[in-house]
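Keep in mind that the numbers below use all heavy atoms, side chains included, and drop hydrogens, waters and symmetry copies. Here the structure is a predicted model, which means the values were calculated and not measured. Count residues from 1 along the sequence.
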Amino acid sequence: LQDINESAQLAAIKSIGWSRLECDTAHLSVFLVHENPELRLHALRAIFRINSESAKSLPQLKALQKDSNTKVAREAQRIAQ
């Protein structure tokens, strides 16, 4: 997650989400405001997979529901339901 290469960051985020690794979601939350929508999307998904209740109470969730990227917005709306 600390790599400066976005492809490496994306791979790490996906890996955490797929494997549902116990992870402090604060490390993933920083990507919820990243300029790259893929990083936002997969960080949101990973947080949800690790702890769905935590994802539902994210302070960024409301803003993500109105994200300029439709995939991010739809995922945030699905989580908020």
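Of all the heavy atoms in His27 and Val30, the pair that sits closest is O-CG2, 3.3 Å. Considering every non-hydrogen atom in both Ala43 and Phe31, the closest pair reads CB-CB, 3.7 Å. Scanning all heavy atoms of the two residues, the minimum distance from Leu28 to Ile50 falls at CD1-CD1, 3.7 Å.
Note that CG of Leu32 is 10.5 Å distant from CG of Leu39, once rounded to the nearest 0.5 Å. Rounding to the nearest 0.5 angstrom, the gap separating the CD1 atom in Ile79 from the CD1 atom in Ile47 is 8.5 Å.
Applying the side-chain hydrogen bond (donor to acceptor under 3.5 Å, both in side chains) test to residues at least two apart or on different chains, the pairs with a partner in residues 37-53 are Arg40-Asp67. Applying the side-chain hydrogen bond (donor to acceptor under 3.5 Å, both in side chains) rule to pairs touching residues 69-81 yields Glu75-Arg78, sequence neighbours excluded.
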Would you list the atom pairs, donor with acceptor, under 3.5 Å between side chains in residues 59-66 and any protein atom, with sequence neighbours excluded?
none

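Not one N or O on the side chain of Ser15 forms a donor-acceptor pair closer than 3.5 Å with the backbone of Ala11.
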